[in-house]
Amino acid sequence: MMFETNNFISRRYQLQAQIVAKRLPQVLQQRGLEAAFAEFLLTSTQGMVLLFAILDLPRVRRLEAYTTPELLHHLSTDLQGLPVFLSNSNGLRYAIPLSPLPRLPK
């Protein structure tokens with residue numbers, strides 16, 4: 001498993017990212033899917049810390065199985081409620097915010 005970090009990210013978020021990166025393959029395997037991750041990228045932008053789990057598309061057999069709302073819910077539940085978003089603008093990746101999501105003003 002390849003794990004890259006850019007920007008300065010606190011040790012707390014780095015440890016949390018490692019735990020999440022270990023859980024994601026386990027959940028996929030529980031659902032009968034290959035844990036076809038090419039790499040994990042931990043980044044921060046504008047005060048948010050995000051973990052991207054990038055899938056290796058040549059190893060993914062049934063793409064639709066990796067994008068179902070049920071799978072995203074299962075991943076989120078297994079990660080103790082952390083939201084899991086799909087990003088497919090450049091390949092397929094799961095985006096998991098490790099820091100709290102910003103709130104809109106009232």
Side-chain angles (χ1 to χ4, degrees):
M1 165 176 14
M2 189 173 178
F3 195 80
E4 293 185 22
T5 303
N6 65 7
N7 304 337
F8 173 77
I9 297 174
S10 73
R11 182 81 176 132
R12 175 180 152 234
Y13 285 125
Q14 291 179 28
L15 292 173
Q16 186 180 11
Q18 290 175 355
I19 292 167
V20 169
K22 287 179 184 176
R23 288 298 307 151
L24 291 176
Q26 294 171 357
V27 174
L28 291 181
Q29 290 170 348
Q30 286 174 4
R31 296 180 68 94
L33 300 171
E34 181 179 355
F37 292 106
E39 66 180 326
F40 294 88
L41 173 66
L42 182 61
T43 188
S44 66
T45 181
Q46 298 178 349
M48 284 200 57
V49 178
L50 297 159
L51 175 66
F52 290 96
I54 303 165
L55 287 163
D56 185 10
L57 290 181
R59 291 175 41 206
V60 173
R61 292 197 179 118
R62 299 179 338 255
L63 187 60
E64 64 279 354
Y66 289 82
T67 61
T68 65
E70 294 81 15
L71 174 61
L72 297 178
H73 183 265
H74 188 174
L75 290 169
S76 176
T77 301
D78 194 76
L79 298 174
Q80 299 178 340
L82 286 175
V84 178
F85 301 101
L86 277 179
S87 172
N88 64 353
S89 59
N90 184 11
L92 181 62
R93 60 192 76 202
Y94 299 118
I96 301 122
L98 301 178
S99 59
L101 295 173
R103 299 203 180 257
L104 295 174
K106 290 184 178 186

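The shortest side-chain heavy-atom distance between L41 and E39 does not fall under the 4.5 Å cut-off. L33 has its side chain within reach of R62: a pair of non-hydrogen atoms, C-beta onward, lies under 4.5 Å apart. Using a 4.5 Å heavy-atom threshold, the side chains of V49 and Q16 count as separate. Within the 4.5 Å cutoff, the side chain of L79 has heavy atoms near those of the L24 side chain. You'll find the side chain of E64 stays beyond 4.5 Å of the side chain of T68, heavy atoms only. When side chains are defined from C-beta on, Y66 does not count as touching R31, because their heavy atoms never get closer than 4.5 Å.
Residue Q80 qualifies as open at atom CD: its count of foreign heavy atoms under 6.0 Å is 12 or below.
Summarising the geometry, atom CG belonging to L50 is positioned 7.5 Å from atom CG belonging to L98; distances are rounded to the nearest 0.5 Å. Taking CD of Q46 as the reference point, atom OG of S99 lies at 11.5 Å (rounded to 0.5 Å).
Put simply, the residue from I54, T67, V60 that forms a side-chain contact (heavy atoms from CB on, under 4.5 Å) with L92 is T67.
Counting only distance, with no hydrogens or angles, the side chain of S87 and the backbone of Y94 share no donor-acceptor pair below 3.5 Å. Q14 places a side-chain N or O within 3.5 Å of a backbone atom of I9 that can act as its donor or acceptor partner. Between the side chain of T77 and the main chain of H73, a donor-acceptor pair closer than 3.5 Å is present. Under the 3.5 Å distance criterion, the side-chain polar atoms of R93 are left unmatched by any main-chain donor or acceptor of F40.
There is a path of hydrophobic side-chain contacts, each under 4.5 Å, that joins L57 to L86. Each of F85 and F52 belongs to its own hydrophobic cluster when Ile, Leu, Val, Met, Phe, Trp and Tyr are linked at side-chain heavy-atom distances under 4.5 angstrom. At a threshold of 4.5 Å between side-chain heavy atoms, the hydrophobic network of Ile, Leu, Val, Met, Phe, Trp and Tyr places L63 and L72 in one connected group.
Across all their heavy atoms, A35 and P25 have their closest contact at CB-CB, 3.4 Å.
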Pair F37-L55, side chain to side chain contact (heavy atoms under 4.5 Å, CB included): steps then yes or no | CA-CA 4 Å; F37 292 106; L55 287 163; 3.7 Å; yes

